[in-house]
Each structure stands twice: as C-alpha cells, then as structure tokens.
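Structure record follows, encoded as structure tokens.
As the structure is a prediction and not an experimental result, all values here were calculated from the model.
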Amino acid sequence: MEEMPPVSDTCVNRSLSKLKHLPLVVAAVFSFVAAGCKDEQRQQVADEGQNVGIPLQAAEPVEPEMQDVRLNLLPLLTDFPMVKLGDVQISCTRREDGGVLVTARAMLSVEENLYDMEDAPVVFNAERKEINEAMNRAMLPESSYLLQVGADASWITEEDRVAKPLPEHLQKMADEIKQMALRPIYRLRTPAQMVVEIPASLVATRAEGRWVMKDISFDTQPLRSLLPLIPERALPKDAAVVTDGFEAKYRALLREKIDAFNTAAKPYIESRESAARTRMLEAQARCDETEKKEQQEAAALEVSRKEWESLCAKFFYDSATYRGEWKREKNFGKFTLRISRAEKFDRSLQFVGTLSDTDLPQAELRVVGRCEVAEKREEPVSCVVRVYNGRYDPDVATAEVFDKKDGLLQLSLGDDGSLAGILTCESWAEQPQKNFQVQLNLVPSKAGGRRPSRHRAAATPPRSSQPSTSSQQPAR
C-alpha cells in the first residue's frame, strides 16, 4: 500500500478558507477531521523515526546466477587440469514444478601449449645411415686393415676378425648423434589460451536459502582429446620441438655433428691402417727370415748328408774292421768288431757283423748295429750294437754280458774313425759300475774297402748251431 503524503499546515488553512461560507457545524466537523489527520501524520513520522537503521528483509532470488552454475561445473573438470573454466553464459526458464531449467555455455581456456610426441621422422634416415657407416669404418676388424695394406690372408688370426670397439671419445660422439637422429619430436597441437566452448544444462531448485543443482549435463568429451597431449612444462629439457624450418635446421645440426665425428675418427683410422702396415711388414720380414733360414737349413742338411755319405764311405763299409780293448776296473781284454755288410739310409746306417776276442778268433758272436747322424753337427755320431748268439769264453769277465739277452755296445764315432763307449746290458741301467769301457779303432783296409749298399735290407744274423767246447760257450 502506498504511503500518503504528509498534510502540511498550509494545506489545512487552505481547506478552512474554502469552508468559511459553510454552516458552523460543518466547519467544526471538518476542523476536527483535519486535526485528526494531522495528528495521525505526526504519529507515522514519529514511528518511522524510531525504526531508522533496521533493514527490510530481502526478497528470495527467482533465478540462479552465473557463479552458482560455475561452482557446480568446476568439480566436473578435475580430470582436465590443462584447462581453466572462465565465463559461463546462462539462460533460465521457470518450470511448472517450481524449478528453474538452466542452459549454459561454459568457456574453457587452455592454460599452456600442448604438444604431441612423434617418432623420429624418416627424413633423418639418411643421417642415421651415414653415422652408422662412419662407425663401421672405425670399427672394422684388424683383418680388413691388414688386407687393405696387402697382408697375406694366411697371417690373419681369428682374433683379427673380431670388430674393434670405438675409443671412448668416439663412442660418446656416435651415441650422441644416434640419439639425436632417433630422438622423438614434439609438435604443437593446441596453443595456450585457446578457448573451448562446451554446452551444459541443469535444474536448479531453491532450498534452505540456497540453490541446489541436479540433472547436470556437461559433456566433457571434447576435452578428452587433450588428455594424451603433453603440457609444455612437462617436455624434456632438450626436446626437439617442431617449429618453422625445424627439419632443415635439425638436419644441418646432425650434419655438423657427423662431420665432427669423421674429423675426430680420421687420425684413429689412419693410426690403425699404419699399425696394420707395420704389422704386415714385420710379418713379411719374419716370413722372409724363416724362408731364408729354411734355405740355410736345407743347404746345411745337404752338406750334412754329403758329410754323412763321406763318413759312411770312410768308416762304415763292407768288411770294415775295428780293433781295440775293453776294460772294467782291473779286468781288461781285446775286442775285434767286423762289419760284414752295411746298408746306408738318409740319416742312418745299419750293419751286421761279428764281435770277437782278438786273441781268440773262434770266440765270436753275431752283432747287429745302427749308426745315426747327430741332431747337431758338433755332436758325435752314435752307434748302437746289439749282441746276439755265438761263442765266447765263459771265464772272461765279458761273459756277464754275453750270458744276458740284452747285451749291447753303446758307442760314439770320433772324427778319426774311432769308436768309444761301453759294453753293457739294458738291465744294468741302475748299475753303471758293471759297464765295460770299450775303445775301438778302424784298421786301415788294404783294398780300400767297399762302399755300403744303398737301401738294402740288413740281414738278420742267424743263430749259431755249433756245439760249445771246453774253452768256449755258445751265447744264448
């Protein structure tokens, strides 16, 4: 109800002036009414004066505001930290059930640049191939360098065929280039401050002095495409970010590092080639030395062979006779060694003959001997003579040997043709005191002797079938 304006004294006086011609009764009544009106107005003014400072109760809002809607949309964006909720444009419609249908358009802005990671592009394949080839050249096995400088394949060992690891400084450079060539790239997909507009709807109802939202529809599907992207702050420190001219700049950087690797590897490769050449020359020198040594040995062998032939012709020939003595402690006697037939081989000579007492020729035993060229020219020719069956005097000390089945002469040929050594038994190896010392000298041949036959089988001495006599005993 509208308040009536206050009645002033002027208003009352004007009214009374208009009523001066009325009867006194009417005038009195009007005066009374006017006085009462004036008193009521004064009372209202007094009441309003007493209520100054007490606010009137605000009316309930009939529609939610933008901030009410934002507060209900914010929890729905917790999975999308890359965006920030800005203004929300709302439109409200009163429903029959008393609720308010709110349709909205939420404005979301991307907080920072978002990137997509891609594998290293194939455009860098040429650089990857080039660094691999550069590494291969520096890691070639020793065999490759040896063949390059002309080494013989027979000098190469299995170890030479194993690839050589790079020195530490070259390996470090190669690893850096390979990592660059294989490094993933990052391409800007969503720039910062880009705005994404998403529609929303909800139903608002008033309860206990606040708005309660329900049936919220807020489609965040457009934001899900941002989830795989990488925020700029999360990029690796040395991330390769695609910008204008990126490919050309990156390839130029790879080219620069490959050139630096080749420059650093050049002296290393040259040193390996030089080492291979030195090794090849040293091996060639050793080979030449070995060949020369073999030639010298072959020549020496030929000289030795000729000397041996001369020796055989001079000392070991058919009908050659050696005479001398044997001795053991105070016992001594005479020996005669006759070579019946000799047969010469390349490095040895075999013969058959007899061993007899010089003063008692009928005391004779069959022997088979073999002479062998010494390994070294300064060493004497050795001669082993095995004693077989025959006749011998049992009262002579040498009968101890002839009674055994393992008797033999171990002799060495002197430069003058003498034979010196021992008469022993193989079973006396631990009893050297039983050995007989023997010294035999070649008896000059009146007829000049007969050369030993070449590669003719030596005859095996026949066993004696003659009976023993009182002064002689058959050997074995």
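Remark: Ser144 engages no residue in a side chain to side chain donor-acceptor pair (under 3.5 Å) (not counting sequence neighbours). When the side chain to side chain donor-acceptor pair (under 3.5 Å) test is applied to Arg183, no partner is found at least two apart in sequence or on another chain. Remark: Ser412 pairs with no residue by the side chain to side chain donor-acceptor pair (under 3.5 Å) rule, at least two apart or across chains. Residues passing the salt bridge (Lys or Arg N to Asp or Glu O under 4.0 Å) test with Glu130 are Arg255, sequence neighbours excluded. A search for ring pair (Phe, Tyr, Trp, His ring centres under 6.0 Å) contacts involving Tyr250 returns Phe124, Phe246, not counting sequence neighbours. A search for salt bridge (Lys or Arg N to Asp or Glu O under 4.0 Å) contacts involving Arg187 returns Glu118, not counting sequence neighbours. Taking Asp160 as the reference, Arg279 meet the salt bridge (Lys or Arg N to Asp or Glu O under 4.0 Å) condition, with sequence neighbours excluded. For Asp219, the side chain to side chain donor-acceptor pair (under 3.5 Å) test picks out no residue, with sequence neighbours left out.
Residue pairs that meet the salt bridge (charged side-chain N to carboxylate O under 4.0 Å, His left out) test with at least one member in residues 429-444, sequence neighbours left out, do not exist here. Applying the salt bridge (charged side-chain N to carboxylate O under 4.0 Å, His left out) test to pairs two or more places apart or on separate chains, those with a residue in residues 167-179 are Glu176-Lys257. Here salt bridge (charged side-chain N to carboxylate O under 4.0 Å, His left out) pairs that include residues 281-294, with residues two or more places apart or in two chains, number zero. Identified under the side chain to side chain donor-acceptor pair (under 3.5 Å) test for residues 101-111, with sequence neighbours left out: Arg105-Glu197.
Results of the side-chain contact (heavy atoms from CB on, under 4.5 Å) test with Met82 over Leu108, Asn113, Leu227 single out Leu227 as the only residue that passes. A salt bridge (Lys or Arg N to Asp or Glu O under 4.0 Å) with Glu309 holds for exactly one of Lys314, Arg347, Lys344; it is Lys344.
Between the side chain of Tyr115 and the main chain of Thr190, no donor-acceptor pair closer than 3.5 Å is present. Asn72 contributes no side-chain N or O that, together with a main-chain N or O of Val69, makes up a donor-acceptor pair within less than 3.5 Å. Side-chain atoms of Ser271 come within 3.5 Å of backbone atoms of Tyr268 as a donor-acceptor pair (strictly under, hydrogens ignored).
Using the six-membered ring where Trp is involved, Phe335 and Trp326 have ring planes that are tilted, between 30° and 60° apart.
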Steps toward side-chain contact (heavy atoms from CB on, under 4.5 Å) verdict (Arg189, Leu114):
CA-CA 6 Å; Arg189 295 301 184 189; Leu114 300 179; 5.6 Å; no
